[in-house]
Amino acid sequence: MNNGEVYRKLFVAFASETKDEFYKVAEEIIEEEEKKHNNKLAKDLRHILYNGFKVKTSLDQYKKSLPIPRDVERGLPLLEIKEFKRDWSDLIIEDNIKKNLERVVLENQKREVLEINGLKPKKKLLFFGPPGCGKTLAAEVLSTVLGYPMVYVRFDGLISSYLGETASNLRKVFDFIERGQWLVFFDEFDAIGKERDSPFEHGEMKRVINSFLQMLDNFKGESIITAATNHQHLLDPALWRRFDELIYFGFPDKERRLGVFKKYLRAIRTNSVDWEYLVDKTEGMSPADIEMICLNSMKEVVLSNKKLLIKNVLEEYIQKQQERIKIKDQIMSRK
Ligand SMILES: Nc1ncnc2c1ncn2[C@@H]1O[C@H](COP(=O)(O)OP(=O)(O)OP(=O)(O)O)[C@@H](O)[C@H]1O
Ligand SMILES: [Mg+2]
């Protein structure tokens, strides 16, 4: 394109009702720069175009201008952009898991040094393990620490009843994430495994899994892709080796349970609390269960105008949580 043509196209795009036209022209300009081997300029332009919120006033404003891919059949957005304010202290986790996560952060922060030496940072992570043990929270912490906003994708939201539409939805998501620098979070990742076993399945899911594997293998962007599941046994064996890091989020040990209690009770006076009792009675509970015990207990104390002792209330709510878990386990075992 000569300059005159570029100006004309940009002006037409500016005058059009949607921003799609502008994005098209901008992409053409970037591709031309790439062809001319002006890679640094092309990369910078792409960054400004898709991750430009860093120079804009707010992510909200930026999000409004982004063309979010949608499912053709239902018109629903295929992903959500989210931003968090978290830090490492939010995540109470075994030291080895934290080290693995910190390593992913370091490699991505030092991406250019690695690349000069012909190496690549880890960018495909699989988080697995029981509910409420920190998979989503860890992704939120990574997103904040790296400064990459989260692209949140629910796998079950991608699945369409129209033949071929699911794979096309996946393609749209990958096209979107390849252009920016995101912490991509595929939640309920097992949905593709689950659906595959369904009696209504006629090979469509196998095609979807194959497309997903191909997209994962060919992924060239600067984003980090994280997938999470609490039904890891449903995952296709071929999926596992596609990930650079497999991280298991299990139930917390005694020391971690104590950490979770202290974190969620930090807003109140805890002189009377018998920590040893709390950690002994909550073996096998998730941090989310313990968080619920703490929040319910604190509400109870506040509503009683602090006439109740937090120690006794915590003991009562531990018992209630144990009952809830028992009911849930009974229901699950009937499934
Ligand atoms: N390791 C942890 N340290 C501190 N708080 C935690 C931890 N794990 C979970 N929590 C608390 O429980 C909430 C729910 O946890 P989270 O959403 O990360 O669970 P999950 O592993 O993603 O579960 P699911 O498999 O159901 O999606 C968190 O927002 C946080 O408040
Ligand atoms: Mg989760």
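As the structure lists them, so they are numbered: ligands from 1, and atoms in each ligand from 1.
An N or O contact shorter than 3.5 Å links Gly134 to ligand 1 by distance. Remark: ligand 1 and Thr136 share an N or O pair separated by less than 3.5 Å (distance only, no angle test). Considering both main-chain and side-chain atoms, Ile93 never comes within under 3.5 Å of ligand 1 through any nitrogen or oxygen pair. Considering both main-chain and side-chain atoms, Val260 never comes within under 3.5 Å of ligand 1 through any nitrogen or oxygen pair.
Smallest separation of non-hydrogen atoms from Ser286 and Pro131: CB-O, 3.7 Å.
Checking Asn230 against the Mg ion (ligand 2), every N/O/S atom stays at or beyond the 2.8 Å cut-off.
Heavy-atom proximity to atom 29 (O) of ligand 1, evaluated over Arg86, Glu140, Met292, is greatest for Arg86. Of the options Asn230, Ile290, Asp289, Asp187, the smallest heavy-atom separation from atom 25 (O) of ligand 1 is shown by Asn230.
Annotation for Lys328: atom NZ counts as buried by contact number, over 12 foreign heavy atoms lying within 6.0 Å.
Annotation: side chain of Met285 is in contact with side chain of Gln322 (closest heavy-atom distance under 4.5 Å).
Closest to atom 9 (C) of ligand 1 among all protein heavy atoms lies Gly132 O, 3.3 Å.
Electrostatic pairing of Arg171 and Asp175 counts as a salt bridge here, judged by a charged N lying under 4.0 Å from a carboxylate O. Using a 4.0 Å cut-off between charged side-chain N and carboxylate O, Asp253 and Arg256 make a salt bridge.
Contacts between Tyr264 and ligand 1 below 4.0 angstrom, taking non-hydrogen atoms only, involve the side chain exclusively. Using a 4.0 Å cut-off between heavy atoms, Pro131 contacts ligand 1 through both its backbone and its side chain. The backbone of Asp90, and not its side chain, has at least one atom closer than 4.0 Å to an atom of ligand 1 (non-hydrogen atoms only; backbone = N, CA, C, O). When non-hydrogen atoms are compared, ligand 1 lies under 4.0 Å from the backbone of Lys135 as well as from its side chain. Contact annotation for Ile92 and ligand 1: heavy atoms of both the backbone and the side chain come within less than 4.0 Å of the ligand.
Taking a 4.0 Å cut-off on heavy atoms, Leu91 registers as neighbouring ligand 1.
Ligand-side atoms of ligand 1 in range of Ala288: 12 (O), range being under 4.0 angstrom from any heavy atom. Ligand-side atoms of ligand 1 in range of Pro287: 1 (N), 2 (C), 6 (C), 7 (C), 8 (N), 9 (C), 10 (N), range being under 4.0 angstrom from any heavy atom. Atoms of ligand 1 found under 4.0 Å from any heavy atom of Glu291, numbered from 1 in the order shown, are 11 (C), 12 (O), 13 (C), 30 (C), 31 (O).
The one candidate from Lys122, Arg103, Lys123 that meets the side-chain hydrogen bond (donor to acceptor under 3.5 Å, both in side chains) condition with Glu245 is Lys122. Just one of Glu34, Glu33, Gln181 meets the side-chain hydrogen bond (donor to acceptor under 3.5 Å, both in side chains) condition when paired with Arg46; it is Glu34.
In summary, the side chains of Tyr317 and Glu300 do present a donor paired with an acceptor at a separation below 3.5 Å, with no hydrogens or angles considered. For the residue pair Arg207 / Asn210, no side-chain donor-acceptor distance below 3.5 Å is found, with atom types taken as modelled. Donor-acceptor pairing under 3.5 Å is lacking for the side chains of Thr166 and Asn169.
Checked against the 6.0 Å centroid threshold, Phe186 and Phe212 count as a close aromatic pair.
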